[in-house]
Amino acid sequence: MSLSADVRQRCAAFLPEGARVRYVFPGSAVTLRGPTGMAGFLVVVTDTEIVVLACGWFRRHRPVSVWSRYPRSTTLGPLELSGSMDSLCHIGSLTLEIPEEFVPVIRAADAELSPAEQHLPPDPFPDL
């Protein structure tokens with residue numbers, strides 16, 4: 001299940017002018033100073049940066065502020081997989097629980113940072 005166009009538009013309001021949204025995925029804080037547990041966040045990956053947006057307590061897909069910004073060279077994985085729990089993603093000092101359906105989104109974002117040759121099978125005819 002992907003996030004709606006409305007959510008992406010709400011996220012775009014917190015980005016610099018002209019920033020192109022590549023990926024957006026939700027997460028719930030597992031570790032956070034103060035009260036822990038289930039503060040909602042949206043992670044937005046653009047061409048130039050990764051922006052973590054804090055959401056309201058009862059409106060998990062409505063960002064209210066920018067929590068932090070990281071350069072696009074920051075990797076989001078590897079994810080911690082722990083049995084029946086959702087995957088854990090560490091972004092800076094924040095640990096987010098990521099719903100299972102968004103794990104491929106994180107892997108795709110990280111795959112864009114690595115050389116294309118790493119994800120392609122070997123050329124069967126290298127001399128041609």
Side-chain angles (χ1 to χ4, degrees):
M1 176 178 112
S2 64
L3 296 173
S4 70
D6 291 341
V7 173
R8 294 173 77 87
Q9 285 178 331
R10 286 192 287 266
C11 291
F14 293 91
L15 302 176
E17 187 69 32
R20 189 172 138 223
V21 175
R22 305 273 301 150
Y23 303 100
V24 179
F25 61 91
S28 299
V30 175
T31 58
L32 188 63
R33 278 181 278 134
T36 61
M38 306 328 194
F41 290 88
L42 289 168
V43 179
V44 182
V45 179
T46 70
D47 291 331
T48 59
E49 65 182 343
I50 297 172
V51 182
V52 181
L53 302 174
C55 296
W57 279 98
F58 299 108
R59 295 186 173 197
R60 298 200 174 261
H61 294 157
R62 292 203 181 262
V64 295
S65 65
V66 175
W67 179 268
S68 58
R69 294 179 186 270
Y70 299 96
R72 180 58 186 102
S73 58
T74 304
T75 58
L76 299 168
L79 300 174
E80 285 184 37
L81 306 174
S82 52
S84 62
M85 287 181 50
D86 285 334
S87 300
L88 298 179
C89 175
H90 302 281
I91 305 173
S93 62
L94 186 63
T95 300
L96 296 176
E97 191 175 63
I98 306 298
E100 181 180 330
E101 61 264 26
F102 292 98
V103 169
V105 173
I106 295 171
R107 291 184 175 152
D110 282 351
E112 288 184 354
L113 296 177
S114 58
E117 299 80 34
Q118 181 179 349
H119 300 286
L120 297 175
D123 186 357
F125 304 107
D127 298 330
L128 294 179

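Just so you know, residue 1 is the first one in the sequence shown, and it goes up from there. No hydrogens, no waters, no symmetry mates; every other heavy atom, side chains included, goes into these values.
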Hydrophobic clusters here meaning ILVMFWY residues chained together by side-chain heavy-atom distances under 4.5 Å, can you tell me if V21 and V64 are in one? no

message = Membership question, hydrophobic clusters at under 4.5 Å side-chain separation (ILVMFWY): are Y23 and L113 in the same one?
response = no

Output for pair (L15 CG, L53 CG), nearest 0.5 Å, gives 6.5 Å

Taken to the nearest 0.5 Å, the spacing of T75 OG1 from I106 CD1 works out to 11.0 Å

In this structure, OG of S87 is separated from CG of L81 (nearest 0.5 Å) by 4.5 Å

Interatomic distance, CZ@F102 vs CG@D86, rounded to 0.5 Å, equals 11.0 Å

Residues P26 and P99: closest non-hydrogen pair is O-CD, 3.6 Å

Review point. Tell me, do E97 and L88 make a side-chain contact under 4.5 Å, heavy atoms counted?
Key: yes

Looking only at atom types and distance, does a side-chain atom of D110 sit under 3.5 Å from a main-chain N or O of L76, one as donor and one as acceptor? yes

Correct closest heavy-atom pair for P16 and R69 would be CD-NH1, 4.0 Å

Rounded to the nearest 0.5 angstrom, the CG-CZ distance for L42 and R62 is 11.5 Å

Here the gap from R20 atom CZ to T48 atom OG1, rounded to the nearest 0.5 Å, amounts to 11.0 Å

What pairs of donor and acceptor atoms, side-chain ones from residues 3-14 against any protein atom, are under 3.5 angstrom apart with sequence neighbours left out?
residue, atom, partner, partner atom, Å
S4, OG, D6, N, 3.4
S4, OG, V7, N, 3.3
R10, NE, H61, O, 3.2
R10, NH2, H61, O, 3.3

Next item on the list: Decide yes or no for F41 and I91: does some side-chain heavy atom of the first lie under 4.5 Å from some side-chain heavy atom of the second?
Entry: no

Electrostatic pair D47-R72, nearest N-O below 4.0 angstrom
no

With a 4.5 Å cut-off on side-chain heavy atoms, are V24 and V43 touching?
no

For T46 and A19, the nearest pair of non-hydrogen atoms, with its separation, is CG2-CB, 4.4 Å

